[in-house]
S.K.: 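One structure, pasted below without further comment.
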There are 2 protein chains.
Amino acid sequence: MTRMTAAQSPYSPADRPRLGLRERKKIKTREAIRAATYALVKEQGYDATTIEQIAERAEVSPSTVFRYFPTKEDIVLTDEYDPVMLAELRARPEDEPWMDSVRHVMRRTLDLSDREDPEVLRLRAHLGVQVPAIRSRYFESMTETGRLLREALAERTGRDPESLEVRVSAMALIGGMMEVSMYWAENGFEGELRDLMERALDVMEHGLGPENPSGPRHRP
Amino acid sequence: MTRMTAAQSPYSPADRPRLGLRERKKIKTREAIRAATYALVKEQGYDATTIEQIAERAEVSPSTVFRYFPTKEDIVLTDEYDPVMLAELRARPEDEPWMDSVRHVMRRTLDLSDREDPEVLRLRAHLGVQVPAIRSRYFESMTETGRLLREALAERTGRDPESLEVRVSAMALIGGMMEVSMYWAENGFEGELRDLMERALDVMEHGLGPENPSGPRHRP
DNA sequence: CCATGAAATGAGAGTAACTATCAAAACAGG
DNA sequence: CCTGTTTTGATAGTTACTCTCATTTCATGG
């Protein structure tokens, strides 16, 4: 008997009837590869999972896996939130302070991701801590997000998006956000990522400040 | 005839007579591998350079190359400045503002690196822009620097180095510094890296500010 | 319903980074 | 010079990833 790939994805396949059969199959294949990868990684860990195993469980050939994702890390890390973030950032009122916009958009994006698949963010953060190759690639994908950030920041402040100042501002934000993800994973996913992000943005906006009443104290 | 590996390193081999022959040979091998890699990468590019070629030019076996460096990227990116930075950071007066200490130490470290080998920083930044694998690994090595930064920052401010706030502050700095390096390389290494770093630290300390008189203007 | 062109897939061979193992060579110390 | 320890080299193996080409699968017009 043929085993189902068991895609308990939030979308039912009939949701998109306007797409041709070809397009629908491509989407299904993509999701099957990702689902197979997530499952195998949870079972055996990232390094122990080979492309062959992924292909087998997703019921495609190894060639096809590479046709859909350029690297093994990308299977885990790829998503489509960047355009969403940029759109939301542009939709914010012109006169809103930049960091407030970022706060707002980050919260919305995190909520969205959490609603679609609450496991994914955790798995990524976890692998980002455990697997160097993933961490590296994670950073790489964050720099792409950084490029969007500097576009939006440049529009908002009327500066050149390629200026050193804008680029550094955007990338410093990205660095801080990356650290939030690592912190979250290293501390057993305690607390809401959304709240940690908020605290991080506060620090990046105002600096550490002389004292932080709610923060932890130096170890004794 | 046997070709010399031509290590025009600032240290002459006789500089360290207190080390045994074994230790001296190891240092020489390490430098030979690095020199061979730099030369080959300049000639052919990073991807086209194989470990075998590196081994051949350095006159060692491929096994030995991997014994000295865990990955190909590490041959290009490894250095020993982190401990120096930490020491200098700790040597700064207790009451100096944190960002001033960072500014000071960064300038000293960049100068030191520039004096030892002015090409290396450029090559790294260049490859960081061109080669994704290098860029990723570059980031990875920066996060290690970030760990030092948060130690120093925690000591200075009396906070827990593992607190979210300290970690985010340190990593945001790293993100900004990384971007400086990329900016420098993408703009043909125009201007002194030291000066760009200074501008970056200003932005990270005070934010973009309402106007930047000396900065470039939005493209027309 | 079928024929034709285009797109997607699978199979195979190949490259290169990296690992593990083990025997030979180079050194250190007596 | 002899002995024990380090360091090296050779070899075989794994796996991510690339390239090529024949086969299959879908789209479309008659």
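Model, not experiment: these values are computed from the prediction. Quick note on labels: first sequence line is chain A, next is B, and so on, each numbered from 1.
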S.K.: Within the sub-3.5 Å range, which N or O atoms of nucleotides 20-27 of chain D have a protein N or O partner, and how far apart are they?
M.R.:
| unit_1 | atom_1 | unit_2 | atom_2 | d |
| --- | --- | --- | --- | --- |
| dT25(D) | O2 | R22(A) | NH2 | 2.9 |
| dC26(D) | OP1 | K25(A) | NZ | 3.0 |
| dC26(D) | O2 | R22(A) | NH1 | 3.3 |
| dC26(D) | O2 | R22(A) | NH2 | 3.1 |
| dA27(D) | OP1 | L21(A) | N | 3.0 |
| dA27(D) | OP1 | R22(A) | N | 3.3 |

S.K.: Do the side-chain N or O atoms of Y68(A) get closer than 4.0 angstrom to the phosphate oxygens (OP1, OP2) of dT9(C)?
M.R.: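 Indeed, a polar side-chain atom of Y68(A) lies that close.
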S.K.: Return the value, rounded to whole Å, for the distance between atom CD of E56(B) and atom C1' of dG9(D).
M.R.: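 Going from CD in E56(B) over to C1' in dG9(D) covers 15 Å.
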S.K.: What integer distance in Å separates I54(A):CD1 from dC17(D):C1'?
M.R.: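 It works out to 13 Å between those atoms.
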S.K.: Any ion pair linking E31(B) and K26(B) (charged N to carboxylate O, less than 4.0 Å)?
M.R.: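 Looking at K26(B) and E31(B), the cut-off is not met.
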S.K.: Rounded to whole Å, how long is the line connecting atom CD of Q53(A) with atom C1' of dA16(D)?
M.R.: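 The distance from CD of Q53(A) to C1' of dA16(D) comes to 13 Å, rounded to the nearest Å.
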S.K.: Using a strict cut-off of less than 4.0 Å between a Lys/Arg side-chain nitrogen and an Asp/Glu carboxylate oxygen, indicate whether E88(B) and R107(B) qualify as a salt bridge.
M.R.: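 No, no charged N to carboxylate O under 4.0 Å.
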S.K.: For D74(A) and dC17(D), what is the distance between atoms CG and C1' respectively, to the nearest whole Å?
M.R.: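 Those two atoms, CG and C1', are 12 Å apart.
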S.K.: Which comes earlier along DNA chain C counting from the 5' end, the contact point of T71(B) or that of K26(A), where each point is its nearest nucleotide?
M.R.: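 That would be K26(A).
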S.K.: So that I can tick it off, tell me whether D202(A) and R103(A) are bridged by a salt bridge, with the cut-off set at under 4.0 angstrom between side-chain N and carboxylate O.
M.R.: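 Salt bridge flag = yes for D202(A) with R103(A).
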S.K.: Of the listed nucleotides (dG9(D), dG10(C), dT18(D)), which one gets closest to any side-chain atom of F66(A)?
M.R.: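 Looking only at heavy atoms from C-beta outward on F66(A), the closest nucleotide is dT18(D).
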S.K.: Return the value, rounded to whole Å, for the distance between atom CD1 of I27(B) and atom P of dT7(D).
M.R.: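 Result: 12 Å.
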S.K.: So which one's nearest nucleotide on DNA chain D is more toward 5', D47(A) or P62(B)?
M.R.: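 Nearest nucleotide further toward 5': that of P62(B).
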S.K.: If you take all heavy atoms of L201(A) and M99(A), which pair is closest and at what distance?
M.R.: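 Closest pair (atom of L201(A), atom of M99(A), distance): O-CE, 3.5 Å.
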S.K.: Quick check on dG10(C): is either OP1 or OP2 less than 4.0 Å from any side-chain nitrogen or oxygen of T64(A)?
M.R.: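 So the side-chain polar atoms of T64(A) do come within 4.0 Å of the phosphate oxygens OP1 or OP2 of dG10(C), strictly under.
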S.K.: Rounded to whole angstrom units, what separation is found between the CD atom of Q44(A) and the C1' atom of dT15(D)?
M.R.: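 Distance check: Q44(A) CD to dT15(D) C1' gives 14 Å.
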S.K.: Whole angstrom is fine here: how far is it from CD1 in I51(B) over to P in dA17(C)?
M.R.: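 After rounding, the gap between these two atoms is 5 Å.
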S.K.: State whether E43(B) and R57(B) are salt-bridged, where the test is any N-O pair (Lys NZ or Arg NE/NH1/NH2 against Asp/Glu carboxylate O) under 4.0 Å.
M.R.: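 Yes, E43(B) and R57(B) are salt-bridged.
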S.K.: Pick the nucleotide of DNA chain C nearest each of T49(B) and T29(A); which residue has the one closer to the 5' end?
M.R.: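 The 5'-side residue here is T29(A).
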S.K.: Would you say dC17(D) has OP1 or OP2 under 4.0 Å from some side-chain N or O of K72(A)?
M.R.: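 It does not, given that no N or O in the side chain of K72(A) lies less than 4.0 Å from OP1 or OP2 of dC17(D).
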S.K.: Considering only NZ, NE, NH1 and NH2 on the basic side and carboxylate oxygens on the acidic side, decide whether R147(A) and D82(A) come within less than 4.0 Å.
M.R.: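 No salt bridge links R147(A) with D82(A).
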S.K.: Using whole Å, report how far CZ of R24(A) lies from P of dA7(C).
M.R.: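 Taking CZ of R24(A) and P of dA7(C), I get 19 Å after rounding.
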S.K.: Under a 4.0 Å N-O cut-off, is there an ion pair linking E186(A) with R167(B)?
M.R.: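 Judged by the 4.0 Å cut-off on N to carboxylate O distance, E186(A) and R167(B) do form a salt bridge.
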